[in-house]
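Here is the structure we will look at, set down as structure tokens.
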Amino acid sequence: MPKCQACGEQWGWFDALKVSFKRLTGKECATCGEIQYPTYRDIKIGMVGILIVSAFILLRPLIDISTVATITIGILLATIMIFMIPYSVQLSNKHEPLW
């Protein structure tokens, strides 16, 4: 779980999930009140996850998998990614540009 860069307080699972979706605005630390942002590395990891799911959907005709199986596997992959996000998030005091 991520730790606040200002006070060192460890964040809970749900707060870590929220900050991962608040790239531009960040999230306030409940302990010290400092705004924390996900790092650039976290954004890259999220983009790779989206690319994997997208590639799977686009390659479906070549693999010859049914539509129901594709939807089921896509939902399963997305769910696994969402549950894993809070464990990989790192926080920063500064809003880092994407490039």
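Residue indices begin at 1 and follow the sequence shown. Below, all heavy atoms of this structure are taken into account, side chains as well, without hydrogens, waters or symmetry copies.
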Membership question, hydrophobic clusters at under 4.5 Å side-chain separation (ILVMFWY): are [Y] and [X] in the same one?
| X | Y | answer |
| --- | --- | --- |
| V48 | L77 | no |
| I73 | I80 | no |
| I85 | Y37 | no |
| I52 | Y87 | no |
| V19 | F14 | yes |

Derivation of the side chain to side chain contact (heavy atoms under 4.5 Å, CB included) call for N93 and Q36: CA-CA 5 Å; N93 287 335; Q36 298 292 300; 2.8 Å; yes

Which is it for M1 and W13 under the side chain to side chain contact (heavy atoms under 4.5 Å, CB included) test, yes or no, and what are the steps along the way? CA-CA 7 Å; M1 292 297 167; W13 186 88; 3.4 Å; yes

Over all atoms of both residues, closest heavy-atom pair of [X] and [Y]:
| X | Y | value |
| --- | --- | --- |
| Q5 | L91 | CG-O, 3.1 Å |
| P2 | P86 | CD-O, 3.5 Å |
| C29 | C32 | SG-N, 3.6 Å |
| A6 | E34 | CB-CG, 3.6 Å |

Hey, does T72 have a side-chain heavy atom less than 4.5 Å from the side chain of L76? no

Side chains of W11 and V89 in contact at under 4.5 Å (non-hydrogen atoms): no

